[in-house]
Number of protein chains: 2
Amino acid sequence: MQTKAELTKQFILETVAPIFNQNGYAATSMSDITQATGLTKGAIYGNFKNKEELAISAFKFTVKALMKRIARHLELSDSPIQKLFLISDFYRNYYDYSKQLGGCPVLNIGVDANNQNTPLLENVKIVIEKIQDQVATIIENGIEAGEISTEINAMQYAKRLDTMIQGAVFMTYTMDDEFYMKDTMNQIDQMIHNELKA
Amino acid sequence: MQTKAELTKQFILETVAPIFNQNGYAATSMSDITQATGLTKGAIYGNFKNKEELAISAFKFTVKALMKRIARHLELSDSPIQKLFLISDFYRNYYDYSKQLGGCPVLNIGVDANNQNTPLLENVKIVIEKIQDQVATIIENGIEAGEISTEINAMQYAKRLDTMIQGAVFMTYTMDDEFYMKDTMNQIDQMIHNELKA
DNA sequence: CCAATAATATACCAATTGGTATATTTTAAA
DNA sequence: TTTAAAATATACCAATTGGTATATTATTGG
């Protein structure tokens, strides 16, 4: 059984995470947080050392939910190459899903923290590396399974896919137009077909 | 001859633009601005209505410089397809150049203004559309000149290029690693060769 | 060189910022 | 049910926020 405090901490994070994600670090005030949670400063500062620790925890909270969701989606197939198609499939609906999170945490916090909040930025970097490692592993498994050409540099392609996806997320949000997301995913599917397949 | 006030206005913009671009709107305070310029609030508010107008003017100032630089680079060839290669060529060195601007204004202000500052976001949208129109025009000229396949949808490809470039800018800045920029530009060159060429 | 005006500096405003010390309430084990 | 401890609320802090009214200084055309 969870203690009351653990539940409160959880509640604060799930309430505050989308706010930080939407507004950014500086534009989110402690009074935004007390207002949204209905709690007082005592409760917030009792559970988190300061604003920065809260922002980092909130980022981790959002990323954890996102990663779990992706991982679950990738379970729909065991085939490495099909898993790659499942990634583009996941991002086809990412605009709607990520809106619930307050936007894409990697993009938003990545840009927001740049030259602003070093510890926060470090956490974003770690997440990006983790994602790319996972995609690279899928590609490597595909090569071993004979599904993907041995010519392919797994990490390079993982980074290419990640770069294209982040570009599509940025354009989709900024222009408020899902065309970018959908078209980029079509482009990625074509890449998998034409360049990656053995 | 420019009046003293016009020179001051110019000076404020060139001093303040990179600060807004780096920090974002909320994280840039009026005292940051007075400190950086060495001017007082009287001078700032005498030249700009308020913080928002200053931020918008600063964004336009940066974009103007950037667009001029790109336009000049594209003058190096008259051939549409060579102009496309010149675009990727320009962005190969974009990390170093854009650092002087305080980062990529489209990416930084685009993300920062999302759900935060509607007038600022509108200005970012207009810039993105303008850029895409220009690229689409180059592609259309290439089709007319017989350099580019008639199968190509100019605007779709302009958006794809823009999306990939923005993704590369984001990854390069967030990871502080130019690999993303360089590799994406190689990828774009390959696309031009393999998909666009007539 | 002078006067009208434009430009900038100064001093101030209420509101809000992140954070803390302390008081109060709630929790949970005995 | 009592009680020690944990969790939350309250009241406060100095510093900073964006912005303004007014005083002072520069500028520039005649």
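Chain naming here is simple, since letters A, B, ... match the order of the sequence lines and numbering starts at 1 in each. Not measured: the values here are computed from a predicted model.
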DNA chain C contacts made by residues 20-31 of chain A, counting heavy atoms under 4.0 Å: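 Contacting residues: Thr28(A), Ser29(A), Met30(A), Ser31(A).
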Calculate the interatomic distance between [X] atom [atom1] and [N] atom [atom2]; express it in whole Å.
{"X": "Lys9(A)", "N": "dT27(C)", "atom1": "NZ", "atom2": "C1'", "answer": "17 Å"}
{"X": "Asp32(B)", "N": "dG18(D)", "atom1": "CG", "atom2": "P", "answer": "8 Å"}
{"X": "Lys49(B)", "N": "dT20(D)", "atom1": "NZ", "atom2": "P", "answer": "10 Å"}
{"X": "Ile44(B)", "N": "dG18(D)", "atom1": "CD1", "atom2": "P", "answer": "12 Å"}
{"X": "Ile33(A)", "N": "dA9(D)", "atom1": "CD1", "atom2": "P", "answer": "15 Å"}
{"X": "Glu53(A)", "N": "dG19(C)", "atom1": "CD", "atom2": "C1'", "answer": "14 Å"}
{"X": "Glu52(B)", "N": "dG19(D)", "atom1": "CD", "atom2": "C1'", "answer": "14 Å"}
{"X": "Tyr45(A)", "N": "dT17(C)", "atom1": "OH", "atom2": "C1'", "answer": "9 Å"}

N or O in side chain of Thr8(A) less than 4.0 angstrom from dA7(D) OP1/OP2: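 For Thr8(A), the contact criterion (side-chain N or O under 4.0 Å from OP1 or OP2 of dA7(D)) is not met.
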Side-chain N or O of Asn47(B) closer than 4.0 Å to phosphate OP1/OP2 of dT8(C):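 Yes, within the criterion.
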Backbone N/O of Leu101(A) and side chain of Asn21(A): donor-acceptor pair under 3.5 Å: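 Side chain of Asn21(A) to backbone of Leu101(A): a pair is present.
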Who passes side-chain hydrogen bond (donor to acceptor under 3.5 Å, both in side chains) against [X], sequence neighbours left out?
{"X": "Tyr91(A)", "answer": "none"}
{"X": "Tyr157(B)", "answer": "Glu195(B)"}
{"X": "Asn93(A)", "answer": "none"}
{"X": "Glu144(B)", "answer": "none"}

Selection from dT8(C), dT20(D), dA9(D) that lies nearest to any side-chain heavy atom of Thr40(B):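 Among the listed nucleotides, the one closest to the side chain of Thr40(B) is dT8(C).
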Residue Lys51(B), side-chain heavy atoms: nucleotide from dG19(C), dA9(C), dG18(D) that is nearest: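 Within the option list, the nearest is dG18(D).
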Any pair counted as ring pair (Phe, Tyr, Trp, His ring centres under 6.0 Å), so long as it reaches residues 162-195 of chain A, sequence neighbours left out: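 Output for this query lists Phe85(A)-His193(A), Tyr95(A)-Tyr173(A).
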Detail all sub-3.5 Å separations between protein N/O atoms and N/O atoms belonging to nucleotides 13-15 of chain D.
none

Heavy-atom closest contact (Pro119(A) atom, Ile56(A) atom, distance):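 Scanning both residues completely, I find the closest heavy atoms to be CB-CD1, 3.8 Å.
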Residue pairs passing the side-chain hydrogen bond (donor to acceptor under 3.5 Å, both in side chains) test where at least one lies in residues 109-129 of chain B, sequence neighbours excluded: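 Checked against side-chain hydrogen bond (donor to acceptor under 3.5 Å, both in side chains) - neighbours excluded - the pairs reaching residues 109-129 of chain B are Glu52(B)-Asn117(B).
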Any residue meeting salt bridge (charged side-chain N to carboxylate O under 4.0 Å, His left out) with Arg92(A), in chain and number order, not counting sequence neighbours: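 Once residues adjacent in sequence are excluded, the partners of Arg92(A) under the salt bridge (charged side-chain N to carboxylate O under 4.0 Å, His left out) criterion are Asp189(A).
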